[in-house]
Amino acid sequence: QVQLVESGGGSVQAGGSLRLSCVVSGRTSSSPTMGWFRQAAGKEREFVGSIRRSWGRVDNTAYSDSVKGRFTISRDSATVYLQMTNLKPEDTAVYYCAIRQVSGSGPVTASGMDYWGKGTLVTVSS
(Lines give C-alpha, C1' and ligand atoms only; values in the text may rest on other atoms or scores of the structure.)
Protein backbone atom coordinates (compact mmCIF):
# COMPACT_ATOMS: atom_id res chain seq x y z
CA GLN A 1 0.00 0.00 0.00
CA VAL A 2 1.09 3.53 -0.75
CA GLN A 3 -0.31 6.67 0.85
CA LEU A 4 -0.22 10.11 -0.73
CA VAL A 5 -1.13 13.29 1.12
CA GLU A 6 -1.32 16.62 -0.70
CA SER A 7 -1.11 20.03 0.95
CA GLY A 8 -0.49 23.64 0.02
CA GLY A 9 -3.68 24.51 -1.78
CA GLY A 10 -5.50 27.76 -1.17
CA SER A 11 -6.82 30.92 -2.72
CA VAL A 12 -4.63 33.29 -4.70
CA GLN A 13 -5.07 36.12 -7.13
CA ALA A 14 -4.19 35.79 -10.78
CA GLY A 15 -0.47 36.16 -11.30
CA GLY A 16 0.31 34.72 -7.89
CA SER A 17 2.14 31.56 -6.91
CA LEU A 18 1.53 28.48 -4.80
CA ARG A 19 3.57 25.40 -4.00
CA LEU A 20 1.81 22.10 -3.54
CA SER A 21 3.39 19.22 -1.68
CA CYS A 22 2.68 15.51 -1.82
CA VAL A 23 4.12 13.32 0.92
CA VAL A 24 4.57 9.74 -0.16
CA SER A 25 4.69 6.85 2.29
CA GLY A 26 4.39 3.10 2.17
CA ARG A 27 5.82 0.50 -0.14
CA THR A 28 6.92 2.19 -3.35
CA SER A 29 8.98 0.73 -6.14
CA SER A 30 12.56 1.83 -6.70
CA SER A 31 11.65 3.91 -9.76
CA PRO A 32 8.07 5.09 -9.59
CA THR A 33 6.52 7.75 -11.75
CA MET A 34 4.80 10.56 -9.87
CA GLY A 35 2.09 12.58 -11.50
CA TRP A 36 0.10 15.70 -10.74
CA PHE A 37 -3.43 15.91 -12.10
CA ARG A 38 -6.24 18.39 -11.65
CA GLN A 39 -9.98 18.39 -11.94
CA ALA A 40 -12.04 21.53 -12.35
CA ALA A 41 -15.73 21.57 -11.50
CA GLY A 42 -17.73 19.82 -14.18
CA LYS A 43 -14.65 18.67 -16.08
CA GLU A 44 -12.66 15.50 -16.38
CA ARG A 45 -9.43 14.96 -14.51
CA GLU A 46 -6.50 16.13 -16.60
CA PHE A 47 -2.76 15.59 -16.59
CA VAL A 48 -0.67 18.47 -15.27
CA GLY A 49 2.85 17.05 -15.06
CA SER A 50 4.99 14.12 -14.04
CA ILE A 51 8.40 13.23 -12.72
CA ARG A 52 10.12 9.91 -13.03
CA ARG A 53 12.26 8.91 -10.09
CA SER A 54 15.28 7.12 -11.42
CA TRP A 55 17.89 6.30 -8.87
CA GLY A 56 21.29 7.62 -9.87
CA ARG A 57 19.94 9.51 -12.90
CA VAL A 58 18.56 12.95 -13.56
CA ASP A 59 14.83 13.12 -12.99
CA ASN A 60 12.76 13.41 -16.12
CA THR A 61 9.80 15.79 -16.04
CA ALA A 62 6.92 16.37 -18.43
CA TYR A 63 4.14 18.96 -18.46
CA SER A 64 0.89 19.65 -20.21
CA ASP A 65 0.97 22.48 -22.71
CA SER A 66 -1.37 24.55 -20.55
CA VAL A 67 1.12 24.74 -17.66
CA LYS A 68 4.47 24.42 -19.39
CA GLY A 69 6.74 27.29 -18.44
CA ARG A 70 4.64 28.17 -15.39
CA PHE A 71 4.63 24.98 -13.29
CA THR A 72 7.64 23.01 -12.09
CA ILE A 73 7.73 19.57 -10.50
CA SER A 74 10.53 18.56 -8.19
CA ARG A 75 11.10 16.02 -5.46
CA ASP A 76 13.17 15.15 -2.47
CA SER A 77 13.35 11.80 -0.72
CA ALA A 78 9.70 11.43 0.24
CA THR A 79 7.90 14.50 -1.10
CA VAL A 80 6.94 15.66 -4.56
CA TYR A 81 6.34 19.34 -5.16
CA LEU A 82 4.37 21.30 -7.72
CA GLN A 83 5.54 24.90 -7.89
CA MET A 84 2.92 26.98 -9.65
CA THR A 85 3.66 30.51 -10.84
CA ASN A 86 1.76 33.08 -12.87
CA LEU A 87 -1.48 31.39 -11.90
CA LYS A 88 -4.57 31.98 -13.99
CA PRO A 89 -8.27 31.65 -13.14
CA GLU A 90 -8.42 28.61 -15.43
CA ASP A 91 -5.95 26.86 -13.11
CA THR A 92 -8.70 26.67 -10.48
CA ALA A 93 -9.21 22.99 -9.68
CA VAL A 94 -8.65 20.25 -7.17
CA TYR A 95 -5.08 19.07 -7.60
CA TYR A 96 -4.19 15.44 -7.04
CA CYS A 97 -0.90 13.64 -6.87
CA ALA A 98 -0.66 10.04 -7.94
CA ILE A 99 1.94 7.33 -8.28
CA ARG A 100 2.58 4.69 -10.88
CA GLN A 101 4.81 1.99 -9.47
CA VAL A 102 6.59 1.31 -12.74
CA SER A 103 8.61 4.01 -14.43
CA GLY A 104 8.30 3.18 -18.11
CA SER A 105 8.49 5.56 -21.04
CA GLY A 106 4.84 5.68 -22.03
CA PRO A 107 2.49 8.60 -21.44
CA VAL A 108 1.34 9.34 -17.91
CA THR A 109 -2.43 9.03 -17.79
CA ALA A 110 -4.94 9.04 -14.97
CA SER A 111 -6.06 5.51 -15.76
CA GLY A 112 -2.49 4.27 -15.48
CA MET A 113 -1.81 5.48 -11.96
CA ASP A 114 -1.85 3.03 -9.09
CA TYR A 115 -2.54 5.21 -6.03
CA TRP A 116 -4.02 8.67 -5.51
CA GLY A 117 -4.10 11.32 -2.85
CA LYS A 118 -7.36 12.97 -1.81
CA GLY A 119 -6.55 16.27 -3.46
CA THR A 120 -6.08 19.88 -2.47
CA LEU A 121 -8.13 22.79 -3.79
CA VAL A 122 -6.53 25.68 -5.65
CA THR A 123 -8.67 28.72 -6.36
CA VAL A 124 -7.37 31.54 -8.55
CA SER A 125 -9.38 34.74 -8.68
CA SER A 126 -9.16 37.36 -11.39
Side-chain angles (χ1 to χ4, degrees):
Q1 269 296 43
V2 177
Q3 294 79 41
L4 307 168
V5 180
E6 304 97 334
S7 62
S11 297
V12 65
Q13 289 193 326
S17 300
L18 281 174
R19 188 176 80 157
L20 306 184
S21 301
C22 174
V23 177
V24 184
S25 62
R27 190 180 295 272
T28 65
S29 69
S30 60
S31 299
T33 294
M34 299 297 304
W36 282 99
F37 295 78
R38 66 186 182 186
Q39 188 166 17
K43 296 188 177 181
E44 293 190 356
R45 194 168 297 189
E46 66 172 355
F47 171 77
V48 173
S50 64
I51 185 167
R52 291 190 173 94
R53 275 172 59 174
S54 303
W55 299 110
R57 299 190 342 221
V58 175
D59 288 333
N60 296 311
T61 55
Y63 302 92
S64 68
D65 288 343
S66 61
V67 307
K68 197 173 295 182
R70 299 188 298 122
F71 290 11
T72 303
I73 296 176
S74 61
R75 67 166 183 94
D76 60 22
S77 59
T79 304
V80 180
Y81 303 97
L82 180 66
Q83 178 68 50
M84 305 184 294
T85 63
N86 191 21
L87 283 161
K88 304 176 181 180
E90 52 263 42
D91 295 319
T92 295
V94 177
Y95 284 72
Y96 299 88
C97 71
I99 187 171
R100 184 176 72 185
Q101 293 283 46
V102 296
S103 181
S105 58
V108 179
T109 62
S111 61
M113 307 309 281
D114 297 312
Y115 297 95
W116 291 83
K118 294 186 177 181
T120 185
L121 176 63
V122 172
T123 303
V124 184
S125 58
S126 58

Report yes or no: is the cationic atom of Arg45 (NZ for Lys, CZ for Arg) under 6.0 Å from the centre of the six-membered ring of Tyr96, at an angle within 45° of the ring normal?
yes

Tyr63-Met113 co-clustered via ILVMFWY side chain contacts under 4.5 Å:
no

Between Phe47 and Phe37, what is the ring plane arrangement, given parallel below 30°, perpendicular above 60°, and tilted in between?
perpendicular

Taking all heavy atoms of Gln101 and all of Tyr115, pick out the closest pair and write down the distance.
NE2-CE1, 4.3 Å

Evaluate the salt bridge (charged side-chain N to carboxylate O under 4.0 Å, His left out) criterion for residues Arg75 and Asp59: first the C-alpha distance (whole Å), next the side-chain angles of each, then the deciding distance (0.1 Å), finally the verdict.
CA-CA 9 Å; Arg75 67 166 183 94; Asp59 288 333; 2.7 Å; yes

ILVMFWY cluster, Val124 and Val94 together (side-chain gap under 4.5 Å):
no

Look up atom OG1 in Thr120 and atom OH in Tyr95, then write down how far apart they are to the nearest 0.5 Å.
10.5 Å

According to a hydrophobic-cluster definition based on side-chain heavy atoms being under 4.5 Å apart (Ile, Leu, Val, Met, Phe, Trp, Tyr only), do Val108 and Ile51 belong together?
no

Can you tell me if Glu6 uses its side chain to pair, donor with acceptor, with the backbone of Gly119 under 3.5 Å?
yes

Any Leu4 side-chain heavy atom under 4.5 Å of Val2 side chain:
yes

Just how far is it from atom CE of Met34 to atom OH of Tyr81, taken to the nearest 0.5 Å?
12.0 Å

By the salt bridge (charged side-chain N to carboxylate O under 4.0 Å, His left out) test, which pairs, at least two apart or in different chains, include something from residues 112-126?
none

Give, for atom SG of Cys97 and atom CH2 of Trp116, the distance between the pair rounded to the nearest 0.5 Å.
9.0 Å

If every non-hydrogen atom of Ile73 is compared with every non-hydrogen atom of Ser50, which pair is closest and at what distance?
CD1-N, 3.2 Å

Between Cys22 and Trp36, is any pair of side-chain heavy atoms under 4.5 Å apart?
yes

Given side chains that start at C-beta, do those of Leu18 and Val122 come closer than 4.5 Å, heavy atoms only?
yes

Show every salt bridge (charged side-chain N to carboxylate O under 4.0 Å, His left out) that has at least one partner inside residues 30-39, sequence neighbours left out.
Arg38-Glu46, Arg38-Asp91

Evaluate the side-chain proximity of Thr123 to Val12: yes if any heavy-atom separation is below 4.5 Å, no if none is.
no

What verdict does the side chain to side chain contact (heavy atoms under 4.5 Å, CB included) test give for Ile99 and Thr33, after you've listed the backbone C-alpha separation in whole Å, the side-chain angles of each residue and the deciding distance to 0.1 Å?
CA-CA 6 Å; Ile99 187 171; Thr33 294; over 6 Å; no

Measure the spacing between OG1 of Thr79 and CG of Leu20 and express it to the nearest 0.5 Å.
12.5 Å

Does CD in Glu90 sit with more than 12 non-hydrogen atoms of other residues, nucleotides or ligands closer than 6.0 Å?
yes

For Ser17, what residues pass the side-chain contact (heavy atoms from CB on, under 4.5 Å) criterion, not counting sequence neighbours?
Gln83, Thr85

Short question: side chain of Asn60, backbone of Ala62 - any donor-acceptor pair under 3.5 Å?
no

Scanning both residues in full, the closest heavy-atom pair of Ala14 with Pro89 reads CB-CD, 4.1 Å

